[in-house]
> 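My questions will all concern the structure given below.
Per chain, numbering begins at 1; letters A, B, ... match sequence-line order.
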Protein chains: 2
Amino acid sequence: MDSKIGGTAVGRLPDDRARRSKAALVAATLAATHELLSESGLGGVSVDEVSRRSGVAKTTIYRYWPTRAALVLDACAQMTPGLPTSDTGSLAGDLTVLATVVAQRLRTGRWSSILPSIIDAAERDPQIAELHSRLHLVMTAAFRDAVERSRQRGESGADRDPAKIAAAIMGPLFYRRWFSREALDDAFVRFVVSSALNAAA
Amino acid sequence: MDSKIGGTAVGRLPDDRARRSKAALVAATLAATHELLSESGLGGVSVDEVSRRSGVAKTTIYRYWPTRAALVLDACAQMTPGLPTSDTGSLAGDLTVLATVVAQRLRTGRWSSILPSIIDAAERDPQIAELHSRLHLVMTAAFRDAVERSRQRGESGADRDPAKIAAAIMGPLFYRRWFSREALDDAFVRFVVSSALNAAA
């Protein structure tokens, strides 16, 4: 559909806003960005390639996302939805829900195959490091909420540090997914929750 | 020094074994590989570029390392020496030594800025995944040794699972270095050791 006649693209206008709604253009751009992230990591995402795959003109992409980093941030944020903040009535219960959801996402999610390329790029690129910090804050909010609910309930040990609890739960789960590649089963989820609760008490 | 006259390189022989010892050639090749890994991650390492930087002929490099993956494996293995297996007389003591050394390497080591690019590449490249598994086994051997010594001493809880202990210690340390970028101080080291011991008991 991108064949050119006399230097002019036909079948697709240079700026296709006329034919597709903003929502459709945004969705097509993000879908192409997700695809490229999955296939080849962060390094594989260029605005040129996103434009080619999505059929959305580069000028349109740059209208919605001023930089490649902004586009990647948005695509990653979509793939990293916040964790649930369900109130089970106890800190142990809430943390078990969180650990179970994280383990499930690590086993199945596109997100888990893309995060390493963000981490790697953040080592050398301050803009990506900033992006990653923002994603990380979104992901850990549910741990802060769970500890806050525990405080409000007056549970014993309610002065626990949510940053340590998040580290003691997500650390071993991430480790098994990316470093040791061992099973992320329910027994391991129970192990990390009890480990976090015992040590942070 | 690589200027060519009449198609023949001068100032550097195509195969420079004649001028440098095998040890010197290997050292120069590995040093250039380390540099490239640090600067641009795994994707930045090509045998061409290693040859250019080290001044070691490609044919020589391929004589010692049949593939790029073999060269990267060797360079990474050198940067990931095994952990100490010092016997402090107790599992808690041995694990504290291990966690302290890992935290220190994460804070200062070149290794810690390169590992993410290996993890990322392992998501898509089975050869790199295999390389990473081998490095991982080297790194976790000290945990298996510490638990085995604990068994031989007859310490209580000596039937602990070394894989879980490694996950509960290295997981939160890795998490802080690469994911949350929080402090890896002595207090956190004590926290992860007690967390691993309590939960694995």
> Would you confirm whether B:Arg105, through its side chain, and B:Leu83, through its main-chain N or O, come within 3.5 Å as a donor-acceptor pair?
no
> When you measure from the side chain of B:Trp111 to the backbone N and O of B:Cys76, does any donor-acceptor pair fall under 3.5 Å?
no
> Can you list every pair that meets salt bridge (charged side-chain N to carboxylate O under 4.0 Å, His left out) and has a residue in residues 25-35 of chain B, with sequence neighbours left out?
B:Glu35-B:Arg53
> What I want to check is whether the side chains of B:Thr29 and B:Ser54 have a donor and an acceptor closer together than 3.5 Å.
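No, no side-chain donor-acceptor pair sits under 3.5 Å.
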> By a 4.5 Å heavy-atom criterion (distance strictly below it), what part of B:Phe174 contacts chain A: side chain, backbone, both, or neither?
side chain
> Using the side chain to side chain contact (heavy atoms under 4.5 Å, CB included) criterion, which residues pair with B:Ala27? Sequence neighbours excluded.
none
> Sort out for me which of A:Ile118, A:Leu173, A:Ile119 touches chain B most, counting heavy-atom pairs under 4.5 Å.
A:Ile119
> Taking side chain as everything from C-beta outward and backbone as N, CA, C, O, which of these in B:Leu137 sits under 4.5 Å from a heavy atom of chain A? Side chain, backbone, both or neither.
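Neither; nothing under 4.5 Å.
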> With salt bridge (charged side-chain N to carboxylate O under 4.0 Å, His left out) as the criterion, how do A:Glu130 and A:Arg134 come out once you've worked through the C-alpha distance, each side chain's angles and the decisive distance to 0.1 Å?
CA-CA 6 Å; A:Glu130 161 65 22; A:Arg134 283 197 259 168; 3.4 Å; yes
> Identify which part of B:Ala163 has an atom lying under 4.5 Å from any heavy atom of chain A, answering side chain, backbone, both or neither.
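Contact with chain A: backbone and side chain both.
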> Who are the ring pair (Phe, Tyr, Trp, His ring centres under 6.0 Å) partners of B:Phe143, not counting sequence neighbours?
none
> Under a 4.5 Å cutoff for heavy-atom pairs, which residue among A:Arg181, A:Arg190, A:Met170 has the most contacts with chain B?
A:Arg181
> Using non-hydrogen atoms and a 4.5 Å limit, figure out which bit of A:Thr140 sits close to chain B: side chain, backbone, both or neither.
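Contact with chain B involves the side chain of A:Thr140 alone.
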> For the candidates B:Ser133, B:Ala122, B:Ser38, which exhibits the highest count of non-hydrogen atom pairs separated by less than 4.5 Å from chain A?
B:Ala122
> Tell me, side chain or backbone of A:Ile169 under 4.5 Å from chain B's heavy atoms, or both, or neither?
neither
> Shortest non-hydrogen contact from B:Ser195 to A:Ser195?
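Smallest interatomic distance, heavy atoms only, reads OG-OG, 2.7 Å.
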> Taking heavy atoms only and a threshold strictly under 4.5 Å, list by residue number the residues of residues 87-99 of chain B that touch chain A; give 'none' if the list is empty.
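Expected list: none.
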> Taking A:Arg68 for its side chain and A:Val45 for its backbone only, find out whether a donor-acceptor pair lies under 3.5 Å.
yes
> Counting heavy-atom pairs under 4.5 Å with chain B, which one of A:Pro116, A:Ala121, A:Ala168, A:Ala129 comes out on top?
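It is A:Pro116.
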> Could you walk me through whether B:Glu123 and A:Arg177 satisfy the salt bridge (charged side-chain N to carboxylate O under 4.0 Å, His left out) test, starting with their C-alpha distance in whole Å, then the side-chain angles of each, then the deciding distance to 0.1 Å, before giving a yes or no?
CA-CA 10 Å; B:Glu123 287 294 319; A:Arg177 169 63 181 80; 2.9 Å; yes
